[in-house]
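The chains referred to below are lettered A, B, ... by the order of the sequence lines, with proteins before strands, and numbering in each begins at 1.
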4 protein chains.
Amino acid sequence: MDTVARTAAGTAQPRTPRPRADALRNRERIVTAAREMFVEFGPDVPLDEVARRAGVGNATLYRNFPDRAALTHEVVLAVTSRTTDRAEEAANDEGDPFIALSRFVHAAADERIGALCPMLSGGFDKDHPELLAERRRLEEAVEGLVGRAMSAGRLRTDIAVGDVLVALSQLTRPLPGIACMNIDRFTHRHIQLFLDGLEAPARSRLTGTAATLEDLRRRT
Amino acid sequence: MDTVARTAAGTAQPRTPRPRADALRNRERIVTAAREMFVEFGPDVPLDEVARRAGVGNATLYRNFPDRAALTHEVVLAVTSRTTDRAEEAANDEGDPFIALSRFVHAAADERIGALCPMLSGGFDKDHPELLAERRRLEEAVEGLVGRAMSAGRLRTDIAVGDVLVALSQLTRPLPGIACMNIDRFTHRHIQLFLDGLEAPARSRLTGTAATLEDLRRRT
Amino acid sequence: MDTVARTAAGTAQPRTPRPRADALRNRERIVTAAREMFVEFGPDVPLDEVARRAGVGNATLYRNFPDRAALTHEVVLAVTSRTTDRAEEAANDEGDPFIALSRFVHAAADERIGALCPMLSGGFDKDHPELLAERRRLEEAVEGLVGRAMSAGRLRTDIAVGDVLVALSQLTRPLPGIACMNIDRFTHRHIQLFLDGLEAPARSRLTGTAATLEDLRRRT
Amino acid sequence: MDTVARTAAGTAQPRTPRPRADALRNRERIVTAAREMFVEFGPDVPLDEVARRAGVGNATLYRNFPDRAALTHEVVLAVTSRTTDRAEEAANDEGDPFIALSRFVHAAADERIGALCPMLSGGFDKDHPELLAERRRLEEAVEGLVGRAMSAGRLRTDIAVGDVLVALSQLTRPLPGIACMNIDRFTHRHIQLFLDGLEAPARSRLTGTAATLEDLRRRT
DNA sequence: GATGAATGAGAGTTCATTCAT
DNA sequence: CATGAATGAACTCTCATTCAT
């Protein structure tokens, strides 16, 4: 926002403080509506419905986002950004770093990060610079959480950031048609079970099953 | 009984005069194609494409399955049934019951049970008797696996069958647009992490974090 | 039927009495089913449904009638023929010739002659020789009824055979979707009202309204 | 009042901001096209064709009328309404009340009221309040015409409004595939014959045939 | 700048007709 | 010969996107 403001000032545009007031509001409402409806109905929800929920005409939506990809981009960006915020908040926790990591994971679930999964399939530019940057920020933040937990001997040493994010996303993916903006108890329970699997045992807990794990990999 | 049967057939069995070898083959191919494409492209894949992949005309598909719901029903039934078979196979394992359970979970992933998730959202009768029966069979089989592992002290005692099946399904849900009939290494890894969380510790491992868990529940 | 038998004998075909037994029966059942369903559901009824009602496979229907036009042709022929039979029966009445004509008109309604109307629109050859001949026979029979009634001074002298047949057909046209093989009381009442309009008055009844009739023609 | 209206518009009339001149025009054109094509091709005419005739895209038709039933509803309403107008015009006639009734019947034929018959079979809500109201209006108007003609001794006393409307509708039902928006002479002739049957004789004309009528009812 | 309306391309489903058993 | 199955063309309806007000 700083950047935008400075640029505007630099080009010596007239203030134009007014015309943006409701326009920005509209844009905001569209993104919010889109996020909710992507969660509720999946990524194929009719855009006219999104516009209706946002309380604007469909053409207004298209003025702000030329096509579905643009809107998806914005929603993914917004969710990623909010999730990153949660990661950074958790990073400020003073206590047990594994608890901090856990807190982040549950908070990310509440941001409905899982709803992004189906959008990663296509129809929009996954590698858009803006998105890459935001994802990098998220990964760095989580990297911090993971690193600290690992250093403290509270997290298994074979866990990567990707493990956490992907599994978290999958576990919180909504079922289309189920109207539910809030992750339910049941899902938080599964997240916790997963987290339990990440926790480092007092001693080397895995050694016992290591052989059989290899065996499992050779299934079928 | 053979004699009786042959006699009946020879005398007067006016209905179902022939099993129509090719028709059955077609039906089979349609279900197979549908399963693959549901995995690959999600539950909204155009049925014409399914027919094309099956190598039949679209009307042939509609003759066998009057609408999408009917086809979905059949696919769900087939996957459930195959998954149950895996559960029963695993139940025959002689060794460590937790390993048996784990083996089943990985095998179920390979059956792409996760692909069923989006279909559960609607568009077909989830409570069809045929489906209920099959689901019951699956649950019973898994119940056996879970019970034995628990009795052996190898599984946490706060785990229910539903936990296993739902988390398993979510973790293996395919990303539409990613052509992949085989669950990849990465996914098996996440499944294993989740299983690790289910394993009972030598001592009561959870006591240490119990208080903080409560704390986590109070997130938001 | 006489004609057919004589032809067969004249060409000295081998008897071939057997193979036709059930084939003819099938053909008959198809025509009957078609007549009923044309009456009930209109001329666009799916031919597969006709075959089902006839209790034969659809291909059997197509073997007997290469396309819808052929089947329609046969049904129109059959109804026309039966209607002609009614006309000839009525011609044998000894009593009042207007009553005889009326009796025919009501009987023709019961044959569902009105069901033929929508078939005259297209999709089959209205001027097929076989049909022309049958129609000629019908017209001649009705001509006889009309002529006698007129000669007896019981029928208005400005009525033509076409007036009777067309109006009769229109008044008895079934409403698709209304399952009713028997013309109802209400329809017979309308037919009777129409017949009342055809009856010659004791004196020249029309003279009074002749002027105003001309006036009516100048409506709007 | 002009002032008031303008003020209201100027101040705050947030809903229905404009009558959208062209949209109304489109809707009108669709209904007109539909009426014509229902008459010409029957109630199953492809809606895409209707849209083409109306000069709009098919989706525009579907925007205005969500499904065929909605369009049928509108057409039935329009024809009923116009027919009622004709009835009320005829009711203003000063002369012979039977002539007035006759004038209405011929005028209703020109409105193609008969084209509605096949639509009454199903596919739309026959008992929609809007339609019931309009039909009631029509029946009342015709009731007036019939009542006056009867009081004047010009109409048979055993005639009901339903007789007139149903017979009229049947007699003017178009033959699908015959492009003809104007009822032809021939049809008007049949209507007139029917009307002749409704006219009260100078003396009690029916007594002579009463017995035989009973006889006719015993046909079959 | 915002809106409602318009559009064409596409998906699901049905049906007349043909084919293989 | 009779049958069930297969097929492609046609029709209804939806939706992303563009246009006129």
Taking only residues two or more places apart in sequence or in another chain, which ones pass side chain to side chain contact (heavy atoms under 4.5 Å, CB included) with [X]?
X	result
A34(A)	F38(A), V50(A), L71(A), V75(A)
A51(C)	V56(C), N58(C), L61(C)
D125(B)	D127(B), H128(B)

Can you name the residues that form a salt bridge (charged side-chain N to carboxylate O under 4.0 Å, His left out) with [X], not counting sequence neighbours?
X	answer
R25(D)	none
R53(C)	E36(C), E40(C)
E130(A)	none

Listed by chain and number, what are the side-chain hydrogen bond (donor to acceptor under 3.5 Å, both in side chains) partners of R35(B), not counting sequence neighbours?
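Counting only residues at least two positions away or on another chain, R35(B) forms no side-chain hydrogen bond (donor to acceptor under 3.5 Å, both in side chains).
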Go through the structure and list residues passing side-chain hydrogen bond (donor to acceptor under 3.5 Å, both in side chains) with E28(A), not counting sequence neighbours.
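Checked E28(A) against side-chain hydrogen bond (donor to acceptor under 3.5 Å, both in side chains); zero matches.
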Dot-bracket line, read 5' to 3' along DNA chain E, where crossing pairs take [ ] and | marks a partner on another strand, Watson-Crick or G-U under 3.5 Å:
.||||||||||||||||||||
Contact string for nucleotides 13-20 of chain E, one letter per nucleotide 5' to 3', B = base within protein heavy-atom range under 4.0 Å, S = sugar-phosphate only, - = neither, reads BBBSBBB-
Nearest to the side chain of N64(D), which nucleotide is it out of dT7(E), dA6(E), dA5(F)?
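My answer, after comparing the listed nucleotides, is dA6(E).
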Short of 4.0 Å, heavy atom to strand atom, which residues of residues 29-36 of chain D count as contacting DNA chain F?
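Residues of residues 29-36 of chain D under 4.0 Å from DNA chain F: none.
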Report yes if a side-chain nitrogen or oxygen of T60(B) is closer than 4.0 Å to either non-bridging phosphate oxygen (OP1 or OP2) of dA5(F); otherwise report no.
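No, outside the criterion.
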From M37(B) atom CE to D44(B) atom CG, the distance as rounded to the nearest 0.5 Å
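Going from CE on M37(B) over to CG on D44(B), the span is 12.5 Å.
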Between G57(A) and V56(D), name the one whose nearest nucleotide on DNA chain E is closer to the 5' end.
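Mapping each residue to its closest nucleotide by heavy atoms, the 5'-most match is G57(A).
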Quick test of your reading: applying side-chain hydrogen bond (donor to acceptor under 3.5 Å, both in side chains), list the pairs with at least one residue in residues 61-70 of chain C, sequence neighbours left out, ordered by first then second residue.
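Checked against side-chain hydrogen bond (donor to acceptor under 3.5 Å, both in side chains) - neighbours excluded - no pair reaches residues 61-70 of chain C.
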